[in-house]
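Take a look at the structure below.
No experiment lies behind these values; they were computed from the predicted model shown. Every chain is numbered from 1, with letters handed out A, B, ... down the list of sequences.
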Number of protein chains: 2
Amino acid sequence: MAPSTETLTAERILEATEEVLRRHGPAKATVVDVARALGVSHGSVYRHFRTKAALREAVTKRWLDRTAEGLAAFASGPGDPEARLRDWLRSLFDAKRRKAGDDPELFATYRVLAAESAEAVAAHIADLIGQLTRIVEEGVGTGTFAVPDPAAAARAVFQASGRFHDPGYARVWTRPEAQADFASLVDLLVRGLRG
Amino acid sequence: MAPSTETLTAERILEATEEVLRRHGPAKATVVDVARALGVSHGSVYRHFRTKAALREAVTKRWLDRTAEGLAAFASGPGDPEARLRDWLRSLFDAKRRKAGDDPELFATYRVLAAESAEAVAAHIADLIGQLTRIVEEGVGTGTFAVPDPAAAARAVFQASGRFHDPGYARVWTRPEAQADFASLVDLLVRGLRG
DNA sequence: CAGATGACAGATTTCAATATTTGTCAGCCG
DNA sequence: CGGCTGACAAATATTGAAATCTGTCATCTG
């Protein structure tokens with residue numbers, strides 16, 4: 001790739017790394033590839049990221065943050081908490097299924113990256129459960145829901161719906177019964193929250 | 001291993017195969033090892049199992065069947081359906097956690113075997129969901145539960161509790177919060193079934 | 001003759017040599 | 001000087017030749 005006159009920033013390195021990962025996959029994407037894509041020596045990349053692992057983790061964080069952003073709208077939007085909970089869960093399921101279906105290789109790549117960055121994933125999950133907690137708390141406030149511990153209930157809802165957002169289950173998302181299974185699960189969980 | 005004068009049966013081969021898998025792990029357990037353990041030539045093993053895959057699948061089936069047996073008691077035992085449902089879920093979680101904790105290598109071995117025999121696993125899961133369906137149906141009969149479709153609800157309960165029985169989650173079973181998370185989830189599901 | 005054997009071909013795995021990559025750092029350049 | 005370079009050692013990955021394994025079958029044996 002042609003060298004650039006622009007300043008070398010962490011941001012530019014992250015973009016180039018995403019591109020290299022998309023092209024070569026997680027196993028063959030090297031720091032040298034990233035440097036080549038930017039037209040610099042690999043030593044320069046190490047000036048911005050201490051290790052290859054740190055670079056990959058930064059890419060993973062960006063990706064997880066983008067995912068969480070798309071859901072925040074449902075978490076704090078207006079409207080009935082029960083409907084918002086349903087929308088939030090459906091939106092999460094749809095987004096995951098779309099990503100896994102549209103570009104399986106890229107999805108697999110991010111699966112590998114996520115497995116490497118347990119800490120970033122834990123933070124992301126805490127973020128999502130936080131969004132759910134706000135919905136459940138509001139539902140308790142309006143009387144829609146009746147649970148003793150909204151945070152624990154939100155956690156349970158997130159874990160119970162794992163089959164429809166945990167990447168480990170990606171292969172079942174396209175099965176014909178997935179849609180009905182998802183509907184049954186959401187109904188059961190919502191009834192549980194109503195108390 | 002010493003040769004035996006006993007007749008070579010499928011059963012004896014399966015026992016020897018389990019032993020070889022326990023000793024060598026799934027990657028290094030060969031048909032020749034099994035034959036050697038029985039004091040016969042590997043050709044004789046192929047008289048009882050067409051392929052190595054078929055042999056492994058038979059071992060997997062035995063193991064899955066033993067697991068399902070232990071739960072059947074709760075499925076059809078006497079007593080309150082809600083309590084039986086709770087006992088069934090707890091028993092499944094405890095059994096899995098015990099196996100994963102007591103002998104992680106053997107657990108990992110069976111995880112590999114199960115991944116190879118999708119069909120046998122699907123049958124096993126159908127069996128378990130069948131047990132759950134019977135409990136839910138009985139609960140609907142006694143008025144404890146109120147769901148429109150007991151089979152769909154049982155399916156949802158099984159999938160919702162995946163985090164506490166799916167081997168893919170084994171690494172979270174020993175976390176300190178697992179116990180509380182399990183309790184929250186079961187409470188939520190039971191409330192959902194009560195309608 | 002039913003069941004076991006072991007030689008065999010092709011597929012798969014292992015292992016050691018070879019090549020690449022990671023991460024460092026002394027020195028270069030604007 | 002501040003940032004970039006590229007030579008380098010150690011760690012990791014790739015390769016391909018040798019060894020092992022899978023599955024078959026003609027032959028043997030009780």
Worksheet item: Hey, are the side chains of B:Phe74 and B:Ile135 touching, using non-hydrogen atoms and a 4.5 Å cut-off?
Response: no
note: A:Leu38, atom CG; D:dC4, atom C1'; distance rounded to Å ~ 13 Å
When rounded to whole Å, the NE2 to C1' distance for the pair A:His24 and C:dT21 reads 14 Å
- Using a strict cut-off of less than 4.0 Å between a Lys/Arg side-chain nitrogen and an Asp/Glu carboxylate oxygen, indicate whether A:Glu15 and A:Arg22 qualify as a salt bridge. no
Could you go through nucleotides 2-13 of chain C and list every protein N or O atom that sits under 3.5 Å from one of its N or O atoms, giving the distance for each pair?
from, atom 1, to, atom 2, distance (Å)
C:dA4, N7, B:Arg47, NH2, 3.3
C:dT5, OP2, B:Ser41, N, 2.9
C:dT5, OP2, B:Ser41, OG, 3.3
C:dT5, OP2, B:Ser44, OG, 2.6

Closest to the side chain of B:Tyr46, out of D:dT14, D:dG23, D:dC21, is D:dG23
Atom CZ of A:Phe49 and atom P of D:dG3 are separated, to the nearest Å, by 15 Å
Residues pairing under ring pair (Phe, Tyr, Trp, His ring centres under 6.0 Å) where one sits in residues 148-168 of chain A, two or more places apart or in two chains, turn out to be A:Phe93-A:Phe164, A:Phe158-A:His165, A:Phe164-A:Phe182
Margin query: Can you tell whether the side chains of A:Arg84 and A:Glu138 come within less than 4.0 Å, N to carboxylate O?
Written below: yes
Minimum side-chain heavy-atom gap A:Leu55-A:Thr51 below 4.5 Å: no
(request) State, yes or no, whether a side-chain contact exists between A:Leu38 and A:Val34 at a heavy-atom distance under 4.5 Å. (result) yes
Please determine if B:Asp187 and B:Arg86 form a salt bridge, counting it only when a charged side-chain N lies under 4.0 Å from a carboxylate O. yes
* Compare all side-chain heavy atoms of B:Pro167 with those of B:Lys96 and state whether any distance is below 4.5 angstrom. => yes
- Indicate, with a heavy-atom threshold strictly under 4.0 Å, whether B:Val32 touches base, sugar-phosphate, or nothing. base
A:Ile13 atom CD1 is separated from C:dG23 atom C1', nearest whole Å, by 15 Å
Applying the Watson-Crick and G-U criteria (both distances under 3.5 angstrom) with [ ] for crossing and | for other-strand pairs, one obtains for DNA chain C ||||||||||||||||||||||||||||||
5'-most contact on DNA chain C (nearest-nucleotide basis), B:Lys28 vs A:Ala53, goes to B:Lys28
Taken to the nearest whole Å, CD/A:Glu116 to P/C:dT22 is 12 Å
*Output yes when A:Asp94 and A:Arg97 qualify as a salt bridge under the 4.0 Å nitrogen-oxygen rule, no when they do not.*
yes
